[in-house]
> 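My questions will all concern the structure given below.
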Amino acid sequence: MIEEKKAFIDRQEKWMRFWGTHPEFYHGKDDSEKEKKYVLVEFPYPSGLGLHIGHAFTFTGGDVYARFKRMQGYNVLFPMGWDAFGLPTENYAIKTKQRPQRVTADNTTVFEEQMKKLAFSFDWQRKIDTTDPNYYRWTQWIFVKLFEKGLAYKEEMPINWCPSCKIGLANEEVINGKCERCGTAVERRTISQWVVKITDYADKLLEGLERTNFVEKVKLSQINWIGKREGLNINFVVKNSDLKISCFTKYPETIFGVSWVVVSPEYSDLAKLVTEEQKAAVYEYIKQAAGRSELDRTSGTLEKTGVFTGSYVINPVNNKAIPIWVGDYVLANFGTGAVMGVAPHDSRDFLFAQKYNLEMIQVEVPKDKADYKIDSYEKVIEDGVMIGSEQFNGMQARSEANKAISDWMVEQKWAQYKTEYHLRDWIFSRQHYWGEPIPMIYCEKDGWVTVAEDQLPVALPEVEHYEPTDDGKSPLSKIESFVKTTCPKCGGEAVRETDTMPNWAGSDWYYLGYLLSLKSKVESPKNIFTQQQEKIKHWLPVDVYIGGDEHNTLHLLYSRFIYKFLFDLGVLPNDEPYQKRVSHGVILGPDGARMSKSKGNVVVPETVADTYGVDVVRCYLMFMGPFDGTMAWDEKTLMGVKRFLDRFHVYFSRQISHTKTNSDSKDDTNLIIQRTIKGVTEDVENFRYNTALAKMMEMLNKLSASGFQLSIENVKVGLQLLAPFAPYITEDLYQQVRSEGDPMSVHISRWPKWEEKYLMEEKVTMAVAINGKLRDQIVVESKKIKVESEIIKQAKSTEKIKKWLENKTIIKEIYVPGKMVNLVVEG
RNA sequence: GCCGCUGUGGUGAAAUUGGUAUACACGCAAGACUUAAAAUCUUGUGGUCUCAAAAACCGUGUGGGUUCGAUUCCCGCCAGCGGCACCA
């Protein structure tokens, strides 16, 4: 056992050294004449735990594809880098009293070593790091451009606030409404933050999807997130006041049934709406609501709550006064922050009305059921025939009344047509140290001014403490030398913005970063995107982008937005960054639960690789299930893969020593090999790695059983097919059969092609069915497959089929060439 | 709550445009080698019926539908999983 172990370790070290001396094998060339393929995997956050099994799984998947495409003769770009800003590093740095820069450097070194060992064929000369000032200078440059184009603005936005720790918390740090560290109930506070106007791009982001080749589920998640809805903004005048409340609705046909209006607890005019006698109740309610997360507030599992403000609005269509409520299921930063309530035609509204005893005015009935009464939330009607709605009575709600009432209300100037989006503007400020400083300066005279382009980057200064400050501001705010500056416009005294950017900022354009030389300061202030346009044109768009489902909505949307923005600036050749998106799956622990340190079910790829070898880990990860599936780690199945690789090694070693004296090629082995080439090529092309490996197992089983010798060409083919999956073992064997003039490495050799003529078998087995039920099989000569009448005749003549046809009449004969004959009988 | 996905042997899973359900692998059982164990190799392995075999019947979460034929397409139901804007 120990000796066997040593053998694969020696093999790995030997070939890792060899590849190390030839980094050009894996370089993407900016000026190649070959067709390009840009294969992108999401770059990791370099955590202190080292490479996780999920990384190994995803990167192996990308690596197999990149190696396959490279062998097929494409000029492949397969880069890697570090998405290194973020909370975990900051928290770890605080805990261990180290600089986050130091922690990041240590972690990325470990990541890179582990990746090299796992034989990922990354183009290391293009490595990027989002925390490198040469990199984040351009992240900041993008922000400056956003501001210049009016797409970044300051606004009061809510954050999670822990009153005990006195810091702002990420959603992740809020557990059941309590602070993760101290358990105190978390409050919501609003503070002034930078917001990016992604909503301006909502239509472009929707429309651009049509030009991509994303799988349907990814397109859907983008479409649903943008959530475009056509409707009406209805203006309600507040009784005895000059205030107005505007409510967005998709269903204005229910206007005659509106019996209350609800505004969010953060509604800007709320104070003016609350009457003296309701003040105490409303303030108490707002205090409670501050403690609830957004998800809780909108969740159906919690009861909808609210409180009366004491004021009324007038329904413009009938001049009826209806009460104004505050309810926390209405969100301030979504829509107008106010909604109208129609109890009988929306189940949530019904429950709310029932709870607070509000009026229910039914304005629709099912067709031909004029006396239908809605008395439970399960009976609400969402599309009926109009009643109690004056001239609109009798119309079908959605198909007729919706348009008629909308037109009428707009004509009367009670409402405007409005397109609403689920998508909200993007809060871009974080009150933390470990992120890109937002390159803005505030001057009393000139307001917010951008840092000049040739002054970028605004570097992260050294600080004593990395903890957020007790007033909720970033630690940068405590460094006077950083904060105090002069206004770029008037030269007067000014202060810097001390918030930093969210983690998304660096990952929005990293696939561009790989293409460019970011280092040279000389290129400033001219932007590198224009200066290095040739490289960008050569490589973009990304051909295949492999990533997790958790990024199919936000990361994809944000990065598509930034890309489209840069396109509009005129620095990019096209407006969609990714041609195709592939989702990878998730590896669960051996217990079927998500791997986590606290559950103790974490599998570390490096440990497994040290025990069984890198090739075994890679092949097992690709074999355990479909690439986009959720699969539990199972060491026993891994042993099966190890057995396969051992047998593969033994079989091919033996063949190699034999082929040196014998290079006859048997037709039977040709058939097996050729079929495998076809199957594996098609499977790998479509990321069906598990079946590709199954086909190679079949190949090995059949070849070993046949006892025939392989020709030297077929030996090479066998090695090439497995090479993307098991780079070490195949390189080792390849070097033993490599002859003068062959490529230096199996990994830069040319992927084999199959020929149809070898795939034909002389005889084919076909199924014979009676009424669709399989009854017998016949063996047919391949040449005759096209002669339908003869094969049906043969099918009818077998003993078994004759028995089934006794005393029956055939009423139909169906023939599927090469597959089956189905006889439909009667009697 | 909203959005999305999945359901096939004891297990992970496979099945081209609707055309022989369970490829490949794990596990299990029996056997070979061995003093023995491990490793390795060989054979078998959806269910019912049978000493066994043959034959037949049943079988892709569940109830319907379309079709000569449904794991695949359509409708209803049940169960489980994932995402939800400050984790990345």
Side-chain angles (χ1 to χ4, degrees), chain A residues 1 4 42-45 47 83 85-88 157-160 168-174 193 198 216-218 220-221 223-225 227 294-302 304 329 333-334 347-348 422-432 502-504 507 548-555 557-558 583 586 594 620 623-626 628-641 643-644 646-647 650 682 688 690-691 693-698 701 765-777 800 811-816 818-825:
Chain A
M1 191 64 190
E4 185 193 354
E42 284 172 356
F43 66 158
Y45 180 81
S47 85
D83 187 15
F85 276 130
L87 268 185
M157 284 289 186
I159 57 162
N160 301 310
L169 299 174
N171 279 349
E172 197 198 39
E173 299 172 295
V174 181
Q193 308 198 65
I198 188 172
E216 214 44 43
K217 121 175 158 177
V218 177
L220 262 179
S221 76
I223 291 169
N224 288 331
W225 194 258
E294 202 166 278
L295 192 58
D296 283 346
R297 281 171 56 166
T298 51
S299 163
T301 53
L302 283 183
K304 301 282 172 291
Y329 68 95
N333 47 359
F334 182 50
S347 53
R348 278 172 311 169
H422 170 257
L423 181 70
R424 288 182 246 150
D425 278 343
W426 176 14
I427 303 176
F428 210 75
S429 288
R430 302 290 183 271
Q431 296 72 43
H432 283 278
N503 205 268
W504 309 102
S507 58
D549 279 344
E550 70 276 23
H551 291 148
N552 280 345
T553 313
L554 291 180
H555 163 65
L557 198 72
Y558 290 153
S583 289
V586 178
R594 259 173 199 279
Y620 169 62
F623 181 69
M624 63 196 295
D628 60 356
T630 305
M631 300 145 297
W633 182 265
D634 177 12
E635 193 121 343
K636 280 181 174 159
T637 307
L638 178 138
M639 291 308 291
V641 174
R643 269 200 285 278
F644 161 66
D646 287 345
R647 286 194 297 129
V650 168
E682 288 170 353
R688 292 191 300 249
N690 54 334
T691 51
L693 279 163
K695 278 166 189 148
M696 280 184 274
M697 290 174 179
E698 240 174 304
N701 291 346
T765 305
M766 282 178 55
V768 184
I770 308 283
N771 290 344
K773 284 209 162 191
L774 177 71
R775 294 303 177 191
D776 200 7
Q777 292 187 328
K800 279 186 191 168
I811 54 171
K812 204 170 176 186
E813 293 168 347
I814 292 148
Y815 177 64
V816 185
K819 297 265 178 181
M820 72 178 317
V821 174
N822 186 18
L823 304 171
V824 185
V825 301

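Below, chains carry the letters A, B, ... as their sequence lines are ordered, and counting in each starts from 1. As a basis for the values below, the full set of heavy atoms in this structure was taken, side chains included, without hydrogen atoms, waters or symmetry mates.
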> If I take atom OH in residue A/Y620 and atom C1' in nucleotide B/U11, what distance separates them, rounded to the nearest angstrom?
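It works out to 11 Å between those atoms.
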> B/A25 and B/A13: how far apart are their C1' atoms, nearest whole angstrom?
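Going atom to atom, C1' in each nucleotide, I get 8 Å.
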> For B/U16 versus B/U11, give the span between their P atoms, rounded off to a whole number of Å.
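Here B/U16 and B/U11 have their P atoms 23 Å from each other.
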> Check every strand shown and say whether A/T630 touches a base, only sugar-phosphate, or nothing at a heavy-atom separation below 4.0 Å.
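Touches sugar-phosphate only.
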> Please report the distance separating the P of B/G59 from the corresponding atom of B/G69, rounded so that it comes out in whole Å.
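Roughly 15 Å separates the two P atoms.
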> Indicate, yes or no, whether a donor-acceptor pair under 3.5 Å links the base of B/C86 to the side chain of A/Q193.
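Checked by distance alone, the answer is yes.
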> Measure across A/R775 and A/K800 and return the closest heavy-atom pair with its distance rounded to 0.1 Å.
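Minimum heavy-atom separation between A/R775 and A/K800: O-CD, 3.7 Å.
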> So what does A/I811 hit on the nucleic acid, given a heavy-atom distance under 4.0 Å: a base, only sugar-phosphate, or nothing?
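Nothing: the residue A/I811, judged by heavy atoms under 4.0 Å, touches no strand.
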> Indicate, with a heavy-atom threshold strictly under 4.0 Å, whether A/E698 touches base, sugar-phosphate, or nothing.
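It contacts sugar-phosphate atoms only.
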> NA contact type, A/E682, heavy-atom cut-off 4.0 Å: base, sugar-phosphate, or nothing?
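Here A/E682 touches no strand at all.
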> Check this for me: does the side-chain of A/N822 come within 3.5 Å of the base of B/C68 through a donor and an acceptor?
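Answer yes: a donor N or O sits under 3.5 Å from an acceptor.
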> By the 4.0 Å heavy-atom rule, please label A/T765 as base, sugar-phosphate, or nothing.
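Base contact.
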> For a quick check of understanding: with a heavy-atom distance under 4.0 Å over all strands, which category does A/F644 fall into, base, sugar-phosphate or nothing?
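Nothing, no heavy atom under 4.0 Å.
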> How close or far is atom C1' of B/A25 from atom CZ of A/F623, stated in whole angstroms?
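For the pair A/F623 CZ and B/A25 C1', the rounded distance is 4 Å.
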> Kindly indicate whether the side chain of A/H555 and the base of B/A88 share any N or O donor-acceptor pair separated by less than 3.5 Å?
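For A/H555, whose side chain was compared with the base of B/A88, there is no donor-acceptor pair (under 3.5 Å).
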> Using a cut-off of 4.0 Å on non-hydrogen atoms, how would the nucleic acid contact of A/I814 be classed: base, sugar-phosphate, or nothing?
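Counting heavy atoms under 4.0 Å across all strands, the contact made by A/I814 includes a base.
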> Using whole Å, what does the distance between atom C1' of nucleotide B/G4 and atom NE2 of A/H551 come to?
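Spelled out: NE2 on A/H551 to C1' on B/G4 is 17 Å.
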> Under 4.0 Å, heavy atoms only, any strand: does A/H432 hit a base, just the sugar-phosphate, or nothing?
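Nothing, no nucleic acid heavy atom in range.
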> Please work out if A/P44 contacts a base, only the sugar-phosphate, or nothing of the nucleic acid, heavy-atom cut-off 4.0 Å.
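Result for A/P44 = nothing.
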